[in-house]
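As structure tokens, the structure follows; a few thoughts come after it.
Letters A, B, ... are given to chains in the order of the sequence lines, protein chains preceding strands, and every chain is numbered from 1.
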Amino acid sequence: MRLRFAPSPTGFLHIGNARTAIINNLLSQKHNASLVLRIEDTDMERSSKESEDSIMKDLSWLGIQWTEGPDCGGDYGPYRQSERFDIYKEYTEKLLSEGKAYYCYCSAEETEQMRKEAQASGRNETYNGNCRNLTSEQKTRLEQEGRKPTIRFHVNPDKDISFNDTIKGSVSFNSSNIGGDFIIVRSDGIPVYNYIVVIDDALMKISHVIRGEDHLSNTPKQLLISQALGFDTPEYAHLPLVMGEDKKKLSKRHGITSVNLYREEGYLPEALVNYISMLGWASDDEEEILPISEIIKQFELTKIGASSAVFDFKKLRWMNGNYIRSTEGAKLLKLMYPFLSKEYDLKSYSDGWLIAVITFLTPYCELLSDINTQISHFLSDDIVYTDEIKELLLSEDGWKIVETTKELFDSKLTSDNFYSDYINLVKEKTGAKGKNLFMPCRSIMTGSIHGPDLAETMKLYDFGKCKIRANTAYNLKQV
RNA sequence: GUCCCCGUCGUUUAGUGGUCUAGGACACCGGGUUUUCAUCUCGGCAACAGGGGUUCGAACCCCCUCGGGGAUGCCA
């Protein structure tokens with residue numbers, strides 16, 4: 001079994017393509033098969049090396065392990081289509097000499113016109129076969145006009161083209177319905193995707209082509225070329241497309257779609273891979289959160305449903321939060337560190353303390369980046385009270401608690417008992433209880449009316465910081 | 001327009017002729033835990049697109065309709 005993932009480097013790795021890559025990877029891991037990474041960069045205008053690099057970076061981040069590719073080489077290289085033009089040329093000569101392809105001198109404008117006419121009359125031949133039988137005199141005359149020819153593949157009409165798709169089942173087209181003779185080499189001499197994909201898959205000995213459903217209607221053309229060139233055809237599996245909420249092909253307006261942004265927002269690759277690979281099927285026991293090893297074990301192409309799936313950003317977040325909460329302290333710190341260090345200077349804190357704090361805050365984080373807002377009051381002695389909090393603390397009952405807090409930290413409380421006794425002592429002295437007790441106390445200490453367990457928070461703060469907070473609140477009336 | 005693919009709760013899925021008054025998860029709503037919030041936990045809401053067949057029996061098989069998507073590029 002040999003598999004491939006063939007992105008075109010025209011932008012960041014998109015969720016939809018990531019899914020194709022993930023599924024190819026799952027299968028390659030499961031069956032110990034080779035996974036070829038092939039860069040389809042024949043669109044010279046839109047392709048870039050930066051895109052290629054970022055795609056490879058994102059694939060690696062997702063844990064995808066290709067065994068052959070432009071970076072690591074392999075027996076069937078080169079792995080960039082732009083480096084394979086000589087190979088394609090041979091096959092083009094062959095098709096030309098066998099009369100299976102021909103030069104077409106129609107201009108882009110002329111073919112555009114034909115297309116419109118065909119569509120208006122409900123016909124499916126978008127090219128009318130104008131140049132199919134040109135004499136050599138006609139050809140030289142057209143060339144003298146300065147026309148640069150394209151090369152078209154000759155499609156015989158009314159032939160049945162059927163194949164069995166692993167996901168879709170049997171699919172059939174009629175050759176009269178695929179648009180007529182299609183271009184395989186552009187007028188600038190660069191061959192076209194639909195043509196060379198066949199050559200590459202054959203030469204690279206790809207046994208299973210697993211790709212997005214948007215390629216389903218390209219398949220008959222590719223099958224025709226494959227036959228014309230005498231290749232064995234691979235097994236095909238067309239993955240249903242990933243949709244946005246409105247059931248349109250997932251795109252930017254639905255939410256973030258490039259994988260690099262998921263990384264930057266603080267998603268764990270494991271969560272993203274888990275979510276994406278469960279789109280379209282369910283595990284045997286309908287468990288949703290599964291380690292990759294288990295997914296590899298259970299996954300099969302035939303389990304994937306034939307219908308498209310809507311990408312649920314909320315469920316992904318939930319799953320990500322789940323992964324965060326089940327990550328061990330030291331590993332968690334490693335993951336959160338890049339986010340934290342972007343906003344905070346962490347030099348003065350010990351790893352042990354940081355781990356204790358982030359572990360404590362983990363129920364509040366769905367994304368790794370959420371830690372930044374959660375942790376702010378732990379990393380600074382200064383505190384800024386919002387107007388809402390000020391109002392609470394300056395109210396008659398609130399102020400009593402502020403004064404009591406100040407007193408307690410000046411006299412009774414010590415570094416041994418401050419976090420465990422604080423609340424009870426305030427209660428004793430002021431008679432406040434319930435939320436009238438807790439909200440002001442929490443507000444004084446954390447600057448927020450909600451949050452994790454106060455005693456534990458104060459313990460993590462330490463006595464000094466709590467005392468500072470007590471003073472800051474007390475100074476509210478001084479200023 | 002034409003061709004191809006698809007159609008179970010809002011979403012994602014289980015379900016392959018009787019065990020389905022259709023199960024799980026997310027979301028949503030409510031209870032409990034937490035003197036807060038989050039987490040956790042318990043419960044609730046909620047679907048076989050419609051119509052014809054086939055069959056003793058259909059979510060499952062067939063046909064039609066409707067709906068959705070993709071393709072229709074000298075993009076991939």
Rounded to whole angstroms, how far apart are CG on A:D284 and P on B:G24?
18 Å
With sequence neighbours left out, the residues meeting ring pair (Phe, Tyr, Trp, His ring centres under 6.0 Å) with A:W318 are none
With both distances kept under 3.5 Å, what pairs with B:U33, Watson-Crick or G-U wobble?
none
Check every strand shown and say whether A:T219 touches a base, only sugar-phosphate, or nothing at a heavy-atom separation below 4.0 Å.
nothing
Nearest-Å distance for atom pair CG/C1', residues A:L290 and B:G24:
13 Å
If pairing requires Watson-Crick or G-U wobble contacts with both distances under 3.5 Å, which nucleotide is the partner of B:U54?
none
Within the 4.0 Å heavy-atom criterion, would you say A:G305 contacts the bases, only the backbone, or no part of the nucleic acid?
nothing
Once you apply the 3.5 Å cut-off to both distances, tell me the Watson-Crick or G-U wobble partner of B:A38, or none.
none
With ring centroids as reference points, do A:Y195 and A:Y193 lie under 6.0 angstrom apart?
no
Could I get the full list of side-chain hydrogen bond (donor to acceptor under 3.5 Å, both in side chains) partners for A:E143, not counting sequence neighbours?
A:Y105
Rounding to an integer number of angstrom, what distance separates B:U39 and B:U19 when you compare their P atoms?
38 Å
Rounded distance in Å between the C1' positions of B:C20 and B:A46:
16 Å
Output one letter per nucleotide in nucleotides 66-76 of chain B: B when a protein non-hydrogen atom lies under 4.0 Å from the base, S when only the sugar-phosphate is that close, - when neither is.
---SSSSSBBB
Assess, by modelled atom type and distance only, whether the side chains of A:E68 and A:Y76 contain a donor and an acceptor separated by less than 3.5 Å.
no
Between B:C3 atom P and A:D158 atom CG, what is the distance in whole Å?
14 Å
Do the two ring centres, one from A:H154 and one from A:F182, sit under 6.0 Å apart?
no
Would you indicate whether the side-chain heavy atoms of A:D284 and A:K303 approach each other to under 4.5 Å?
yes
Please state how far atom CZ in A:R211 lies from atom P in B:C5, giving the value in whole angstrom units.
15 Å
Can A:S51 and A:S48 be counted as having a side-chain donor-acceptor contact under 3.5 angstrom?
yes
Residue whose closest nucleotide on RNA chain B lies nearer the 5' end, A:A118 versus A:F173:
A:A118
To the nearest Å, give me how far apart CD1 (A:I289) and C1' (B:U13) are.
15 Å
Donor/acceptor link under 3.5 angstrom from A:K315 side chain onto base of B:A25
yes
Considering only atom C1', compute the distance from B:A27 to B:C64 and round it to an integer number of Å.
36 Å
Would you say the base of B:G24 and the side-chain of A:E288 have a donor-acceptor pair closer than 3.5 Å?
yes
Applying side-chain hydrogen bond (donor to acceptor under 3.5 Å, both in side chains), can you list everything that pairs with A:D188, at least two apart in sequence or on another chain?
none
To the nearest angstrom, how far is A:W281 atom CH2 from B:U16 atom C1'?
18 Å
Under 3.5 Å for both donor-acceptor distances, Watson-Crick or wobble: does B:G67 have a partner, and if so which one?
B:C6
When both hydrogen-bonding distances must be under 3.5 Å and the geometry is Watson-Crick or G-U wobble, what is B:G73 paired with, if anything?
none
Using the C1' atom as the point on both nucleotides, what is the distance between B:C26 and B:C45, in whole Å?
14 Å
Sticking with atom C1', work out how far B:G18 lies from B:G10, rounded to a whole angstrom.
31 Å
Pairwise P distance, B:C4 and B:C63 [rounded to whole Å]
14 Å
Using the test side-chain hydrogen bond (donor to acceptor under 3.5 Å, both in side chains), find all partners of A:K331 that sit at least two apart in sequence or belong to another chain.
none
A:K168 NZ to B:C6 P, in whole Å, measures 5 Å
Could you check A:A309 against A:G169 and say which one's nearest nucleotide on RNA chain B is further toward the 5' end?
A:G169
At under 4.0 Å between heavy atoms, which parts of nucleotides 32-46 of chain B does protein reach? Answer with one letter per nucleotide, 5' to 3': B base, S sugar-phosphate only, - none.
---BBBBSS------
Partner nucleotide, any strand, of B:A22 [Watson-Crick/G-U, under 3.5 Å]
none
Between B:C26 atom P and A:M319 atom CE, what is the distance in whole Å?
9 Å
Is it true that A:Y91 and A:F231 have ring centroids separated by less than 6.0 Å?
yes
With distance as the sole test, does A:N372 use its side chain to make a donor-acceptor pair with the main-chain N or O of A:F339 at under 3.5 Å?
yes
Say you pick atom C1' in B:G69 and the same atom in B:C74; how far apart are they, in whole Å?
27 Å
Distance, P atom - from B:G15 to B:C3, rounded to whole angstrom:
34 Å
Give a yes or no on whether A:F163 atom CZ has more than 12 heavy-atom contacts from other residues, nucleotides or ligands under 6.0 Å away.
yes
